[in-house]
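We use all heavy atoms of the structure for the numbers below, so side chains are in, but hydrogens, waters and symmetry mates are not. Naming: A, B, ... by sequence-line order, numbering from 1 per chain. As the structure is a computational prediction, the values presented were derived from the model and not from experiment.
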Amino acid sequence: MYNHLEIEKKWQNYWNEHNSFEAITGSSKDPYYILVEFPYPSGAGLHVGHVRSYTAQDAIARMMRMKGKNVLFPMGWDAFGAPAEQYAIKNHIHPKDAVKENIKTFKRQMQTLGFSFDWNREFSTTDPEYYKWTQWQFLQFYKHNMAYKATVPVNWCPNCKTVLSNEDAAGGVCERCGTQVVQKEKSQWMLRMSDYAEDLLKGLDDTNFAEKVKLGQINWIGKSIGAEITFKVDGFNESFVVFTTRCDTLFGATYCVLAPEHKLVDKITTREHKDEVVKYKEACKLKNDMERTELNKEKTGVFTGAYAINPVNNKKIPIYISDYVLASYGTGAIMAVPAHDERDYEFAKKYNIPIVQVLASDECDISNKAYTKDGLHINSDFLNGLNKEDAINKMLEFLEKNNCGKQQVNYKMRDWIFSRQRFWGEPIPMIYCEKCGWQPMNEEELPLLLPVVAEYEPTDNGESPLAKITSWVNTTCPKCGGSAKRETDTMPNWAGSSWYFLRFMDPHNTHEFASMDAMKYWKRVDWYNGGMEHTARHLLYARFWVQFLYNIGLVPNKEMIWTRVSHGMVLGSDNQKMSKSKGNVINPDDIVKEYGADTLRTYELFMGDYQMDCPWSTDSLKGCKRFIDKVIRLKNKVVDKEEYSLCLENIINKSIKKVENDLQTISYNTAISTLMILANAYDDQEYITKRDYQLLLMLLNPIAPHITEELNEELGYKPICESSWPAYDESKIIEKINEIVVQVNGKIRGKIPYDSNKSDEELKVMAIELENVKKYINGKSIIKTIVVPNKLINIVVK
RNA sequence: GCCCAAGUGGCGGAAUAGGUAGACGCACAGGACUUAAAAUCCUGCGAGUGUAAUAACUCGUGCCGGUUCAAGUCCGGCCUUGGGCACCA
């Protein structure tokens with residue numbers, strides 16, 4: 001009898017003692033870098049969802065090693081962030097200690113599953129040796145004018161006295177306590193990510209990301225090509241610029257709207273409208289993002305009393321302010337074409353503003369809604385009769401000639417708000433001096449350590465907890481030496497994860513974040529696995545970070561990630577997301593204990609399409625246990641012979657090819673079904689040879705490494721992790737064809753035995769002579785016969 | 001509202017280039033072995049018509065149409081579910 005816990009321990013110790021999975025930088029072997037998103041070590045321990053993706057990547061890593069690659073398969077911890085801070089506040093321990101405990105648990109759990117990580121490269125984003133370089137890189141952003149301070153509204157929970165991310169403030173209430181969230185203005189560090197919008201778009205061509213991953217990035221960047229048009233303000237020596245994607249509808253612009261925060265508002269508001277405008281602006285300030293963007297909200301706004309001149313026809317059109325125009329997108333001002341934009345239509349109806357149709361339409365009535373489908377231009381002077389594309393080009397020509405507009409590209413992507421008012425993050429290494437302003441810390445003094453104190457509860461006024469620790473805050477100005485204060489905000493969680501994959505290439509380097517030589521050797525991440533929820537933001541931040549480092553000459557490639565694969569979630573058996581409150585959580589520890597790591601690993605890959613969500617089923621898991629047990633039992637059939645059984649050659653060679661191919665195309669479930677079919681074929685034999693058996697063990701090893709090593713050792717072979725992946729012989733794979741399907745009018749009516757000596761004509765004759773086929777042909781004429789070689793004959797009759 | 005993905009047996013899911021739909025596994029049912037249970041092995045398993053049993057037939061991959069000798073697969077139009085983004089001009 002095999003005790004899976006003993007066997008697993010034995011082989012985990014073996015790999016550990018032999019450094020079996022050590023990646024050696026500079027080795028002459030072909031490098032291959034497999035990365036799986038490093039986890040946030042939460043108090044809940046490892047999730048069965050983690051196990052699924054780690055097993056998947058582990059299977060590839062193990063196969064690639066056997067195929068002679070120098071595999072880098074690292075693991076570490078993304079351990080800064082709010083949950084650890086909250087946990088620490090509640091339990092009165094330092095987050096550092098809470099994180100240490102959690103990491104211990106995660107690592108222990110990972111080790112019981114036998115993942116072939118190179119633990120020599122392990123680090124946590126919270127290690128001073130690591131965040132030193134995160135801080136150092138921030139200073140590079142600053143020194144290259146890529147970091148700046150700006151005043152930005154943030155979500156503030158008056159009860160928790162803390163700043164919330166948009167996710168934690170969903171629906172306008174604090175996720176933790178349910179209190180109404182309010183907006184607060186805060187001065188924050190920003191990174192000029194929007195400067196990289198076009199490069200981030202173009203860079204996708206140098207990656208092998210899945211199409212839907214690329215789409216996620218493209219949508220997030222949100223490029224739109226349009227025009228900027230300058231409107232003069234009647235009676236003022238002022239003008240403003242609007243952004244539009246439909247400059248061809250300028251003849252239909254009957255009013256303009258400025259965002260309430262627009263700089264021009266106070267200048268152009270007339271005396272009679274001043275009170276109303278001020279009141280409206282104040283009302284907007286009180287609203288948070290959620291309220292402002294709420295769906296189906298009725299449009300509101302006020303007239304400034306000023307008029308703009310439509311440059312295409314010199315007509316005076318009123319200027320309004322409204323919060324349906326966002327200050328942060330485009331120019332913060334729009335021209336409104338109510339006939340063809342639903343938002344403008346709604347607004348114009350409410351305030352009785354003229355609606356001028358400029359695109360012909362089949363729709364009958366403009367008294368109810370805007371025409372949103374494109375027709376040819378009408379009421380548009382020199383554009384009349386033109387289609388959209390021609391009209392846009394002609395209008396651009398007009399605007400440029402008259403110096404009142406030009407083509408313009410806009411992006412939805414904004415600059416990256418980089419400050420967090422929290423304790424548990426990388427301190428931002430900046431110092432504020434009354435005399436010299438913001439000054440970067442001296443690089444030699446990094447890392448700027450988080451202080452070890454007992455209090456890190458949030459302050460009452462939204463400052464980071466660090467602000468209370470005066471001994472830490474007070475310092476001297478690096479420039480003038482006078483007294484100065486440190487920045488008390490910390491970096492976002494996204495910071496440490498934006499470059500960790502570079503550090504894995506050279507994790508112990510004390511004078512660089514990673515050496516150019518090491519990065520040139522590993523070249524890039526060949527295969528990056530993570531959740532769908534990270535394919536937009538994390539991936540974009542990481543790419544931005546890398547592109548910046550590339551531009552200042554610190555990394556060898558502009559894109560450092562080649563393929564990105566995203567996994568589906570493991571759901572509870574009730575098809576719901578696993579959660580404590582639903583009581584549907586499966587703990588991998590329990591499964592390993594009862595069924596073994598190999599069974600859990602096999603099941604997690606067999607459960608379904610890897611890229612899709614899939615519910616947990618303990619019954620199905622038991623099926624995988626039966627499979628492993630069957631593999632063990634097959635040992636009783638082994639005879640001492642060193643070549644493949646003749647009658648198994650075909651299926652063996654087919655299986656090698658299929659498993660190898662499936663593992664490389666993320667089709668883990670069919671790789672396992674192939675192995676089940678192979679095991680069943682073995683089981684049908686009176687006996688199998690040692691070689692037959694070892695082959696099955698080798699193919700199964702990447703998925704179930706412990707038991708396969710054990711059985712392989714019993715055969716007297718050297719460990720599989722030190723062996724080569726089996727080769728297949730294409731000439732042995734040729735499929736044996738037994739029969740050919742006969743169809744009449746596309747329906748199967750019989751089969752004839754396959755005979756390679758017979759010509760198509762002879763096969764046709766055989767087909768027509770089948771009794772059941774005759775039934776359907778009699779009294780009808782054969783129009784044609786289609787022969788698909790080696791597969792089927794279709795007789796078409798009428 | 002926009003974008004993306006997915007709808008196949010009782011269940012999870014297979015089906016390289018349009019060519020025998022339902023691989024593999026689970027559950028279930030019947031049988032063998034056993035004092036018994038577990039484990040294991042054998043048989044069946046989309047729905048229906050039909051037969052003593054075979055055979056044979058009809059329908060069947062969310063819905064409606066189309067292309068084709070042939071459609072789960074391609075095209076057009078919907079419906080449902082899940083996810084992401086959302087007043088982005």
Using Watson-Crick or G-U wobble geometry with both distances under 3.5 Å, which nucleotide pairs with B:rG10? B:rC26
Would A:F347 and A:Y255 count as a close aromatic pair, with their ring centres under 6.0 Å? yes
Using the P atoms only, state how far B:rG1 lies from B:rC74, rounded to an integer number of Å. 27 Å
Does a side chain donor of either A:S328 or A:R414 reach within less than 3.5 Å of an acceptor in the other side chain? yes
Kindly point out which of B:rG12, B:rA21, B:rA56 is positioned nearest to the side chain of A:Y776? B:rA56
Specify the residue among A:Q743 and A:D683 whose closest nucleotide of RNA chain B lies further upstream toward the 5′ end. A:Q743
Counting side-chain heavy atoms from CB outward, which of B:rA5, B:rC87, B:rC69 is closest to A:M612? B:rA5
Please classify the nucleic acid contact of A:I334 as base, sugar-phosphate, or nothing, using heavy-atom distances under 4.0 Å. base
Using a strict threshold of under 4.0 Å (side-chain N to carboxylate O), is an ion pair present between A:E261 and A:K281? no
Salt-bridge present (A:D760, A:K764; N to O < 4.0 Å): no
Of the candidates B:rA14, B:rA70, B:rU20, the side chain of A:N669 sits closest to B:rA14
Between B:rG25 and B:rA17, how far apart are the C1' atoms? Round to whole Å, please. 28 Å
Determine the interatomic distance between P on B:rC3 and the same-named atom on B:rC24; round to the nearest Å. 41 Å
B:rA37 glycosidic torsion: syn (within 90° of 0) vs anti: anti
What interatomic distance, in whole Å, is found between P of B:rA36 and the corresponding atom of B:rU43? 23 Å
Atom-pair distance (CZ on A:F627; C1' on B:rU40), nearest Å: 17 Å
Tell which nucleotide pairs with B:rG48, taking only Watson-Crick or G-U wobble pairs whose two distances are both under 3.5 angstrom. B:rC57
Quick one: which of B:rC57, B:rC69, B:rU40 gets closest to the side chain of A:R633? B:rU40
On RNA chain B, nearest-nucleotide positions of A:V788 versus A:D344: which is more 5'? A:V788
In whole Å, what is the span from the CG atom of A:L540 to the C1' atom of B:rC85? 14 Å
Check this for me, if you would: do A:E771 and A:R749 make a salt bridge, where the nitrogen-to-carboxylate-oxygen distance has to be below 4.0 angstrom? no
Considering only NZ, NE, NH1 and NH2 on the basic side and carboxylate oxygens on the acidic side, decide whether A:E228 and A:K406 come within less than 4.0 Å. yes
Checking understanding here: a glycosidic angle within 90° of 0 is syn, the rest anti, so what is B:rG9? syn
Counting the atoms with a prime plus P, OP1 and OP2 as sugar-phosphate, which does A:N219 contact under 4.0 Å by heavy atoms, base, sugar-phosphate, or nothing? sugar-phosphate
Calculate the interatomic distance between A:K747 atom NZ and B:rA71 atom P; express it in whole Å. 10 Å
Considering only side-chain heavy atoms of A:D609, which listed nucleotide, B:rC87, B:rA89, B:rG13, is closest? B:rG13
On a plain distance test, is the side chain of A:K412 in donor-acceptor contact with the base of B:rC85 below 3.5 Å? no
Got a salt bridge between A:K637 and A:D683, using NZ or NE/NH1/NH2 to carboxylate O under 4.0 Å? yes
Distance, C1' atom - from B:rG18 to B:rG12, rounded to whole angstrom: 27 Å
Flag the pair A:W616 / A:Y603 as yes when their ring centroid distance falls below 6.0 Å, and as no otherwise. yes
Under 4.0 Å protein heavy-atom contact, by nucleotide of nucleotides 24-33 of chain B - B base, S sugar-phosphate only: BSSS------
If we call it a pair only when both distances are under 3.5 Å in a Watson-Crick or G-U wobble match, what pairs with B:rA5? B:rU81
For atom P, what is the distance between B:rC78 and B:rU20, given to the nearest Å? 32 Å
From the set B:rC69, B:rA6, B:rA14, return the single nucleotide nearest to any side-chain atom of A:T670. B:rA14
Determine the interatomic distance between C1' on B:rU61 and the same-named atom on B:rA15; round to the nearest Å. 11 Å
What is the distance, to the nearest angstrom, from the OH atom on A:Y668 to the C1' atom on B:rA14? 18 Å
When all nucleic acid strands are considered with a 4.0 Å heavy-atom cut-off, which category describes A:D629: base, sugar-phosphate, or nothing? nothing
Going by side-chain hydrogen bond (donor to acceptor under 3.5 Å, both in side chains), A:R246 matches just one of A:T244, A:D248, A:T249. Which one? A:D248
Please name the nucleotide paired to B:rC87 by Watson-Crick or G-U wobble geometry with both distances under 3.5 Å, or report none. none
For A:Y687, is the OH atom crowded, meaning more than 12 foreign heavy atoms sit under 6.0 Å from it? no
Partner of B:rC41 under the Watson-Crick or G-U wobble criteria, both distances under 3.5 Å, comes out as B:rG31
Where the side chain of A:K775 is concerned, which of B:rA56, B:rU20, B:rC4 is the nearest nucleotide? B:rA56
